[in-house]
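Remember, predicted model here, so these are calculated numbers, not experimental data. Here is the naming used below: chain letters follow the sequence lines, and residue numbers restart at 1 for every chain.
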Amino acid sequence: MDDELHERVREVIASVPAGSVATYGDIASVSGAPSPRLIGRILSEDGQDLPWHRILRADGTPAPHLLDEQLQRLRAEGVIPDGQRVDLRKYRWQRDPDNDAGLGGLF
DNA sequence: TCCTTGACAGATT
DNA sequence: AAATCTGCCAAGG
């Protein structure tokens, strides 16, 4: 059921902790989406209730139309963007190797 | 049914 | 380092 995938993607995005960010590719990989494009599409349609501002592109730069709002919201959460770019090395959300994934045993 | 568009990513040039 | 090309999947015209 592809609806499940859609739901899973939202779940993963919702599981990203404040003060951290993730890339579309990461979300796609963790959620099992076939392509990161799906993430963007889902967010554009059904991401109103999700922390979409924590999702960045692979370079650490948010999407062009969201750029203002994105950086502003991130800054409010403690993420300090370097110009238009966020240090993924520091803020990128990665599953704790010691603790299980942020999925909370979704698998 | 084919073509275009879009919150992307990675490899090339 | 920056611009370009290619592959990717789904939805709408």
Pairs where residues 71-80 of chain A contributes a residue and the test side-chain hydrogen bond (donor to acceptor under 3.5 Å, both in side chains) is met, not counting sequence neighbours: A/H53-A/E77, A/R54-A/E77, A/E69-A/R73

When the P atoms of C/dG7 and B/dA7 are considered, how many whole Å apart are they? 22 Å

Sequence neighbours left out, what passes side-chain hydrogen bond (donor to acceptor under 3.5 Å, both in side chains) with A/Q48? Give chain and number order. none

Between A/G60 and A/L56, what is the shortest heavy-atom contact and its length? O-CD1, 3.8 Å

For a quick test of your reading: what N or O donor-acceptor pairs under 3.5 Å do the side chains of residues 78-89 of chain A make, sequence neighbours left out?
| from | atom 1 | to | atom 2 | distance (Å) |
| --- | --- | --- | --- | --- |
| A/R85 | NE | A/D59 | O | 3.2 |

Would you indicate whether the side-chain heavy atoms of A/H6 and A/V9 approach each other to under 4.5 Å? no

pair A/I13-A/I39: side-chain heavy atoms closer than 4.5 Å: yes

In whole angstrom, give the distance that lies between atom CG of A/L88 and atom P of B/dG10. 11 Å

Please produce a list of atom pairs where a protein N or O lies less than 3.5 Å from an N or O of nucleotides 11-13 of chain B.
none

Length of the CG-P vector between A/L66 and B/dG6, whole Å: 14 Å

Could you tell me whether the side chain of A/S44 and the main chain of A/R41 form a donor-acceptor pair under 3.5 Å? yes

Restricting to non-hydrogen atoms, name the atom on A/P62 and the atom on A/L71 that form the minimum distance, rounded to 0.1 Å. CG-CD2, 4.2 Å

Between A/I42 (CD1) and B/dA7 (C1'), how many Å, whole number? 11 Å

What one should report as the nearest heavy-atom pair of A/L5 and A/P34 is CD2-CD, 3.8 Å

Polar atoms only, N or O, under 3.5 Å: list the protein pairs with nucleotides 8-13 of chain C and their distances.
| from | atom 1 | to | atom 2 | distance (Å) |
| --- | --- | --- | --- | --- |
| C/dC8 | O2 | A/R37 | NE | 2.8 |

Salt bridge (Lys or Arg N to Asp or Glu O under 4.0 Å) filter on A/R57, not counting sequence neighbours, yields none

Give, ordered by number, those residues of residues 51-64 of chain A having at least one heavy-atom distance below 4.0 Å to an atom of DNA chain B; if nothing qualifies, reply none. A/W52, A/R57, A/A58, A/A63

So which atom in A/G19 and which in A/Y91 form the shortest heavy-atom distance, rounded to 0.1 Å? O-CD2, 3.6 Å

Whole-Å distance, A/H65 NE2 to B/dG6 P, equals 10 Å

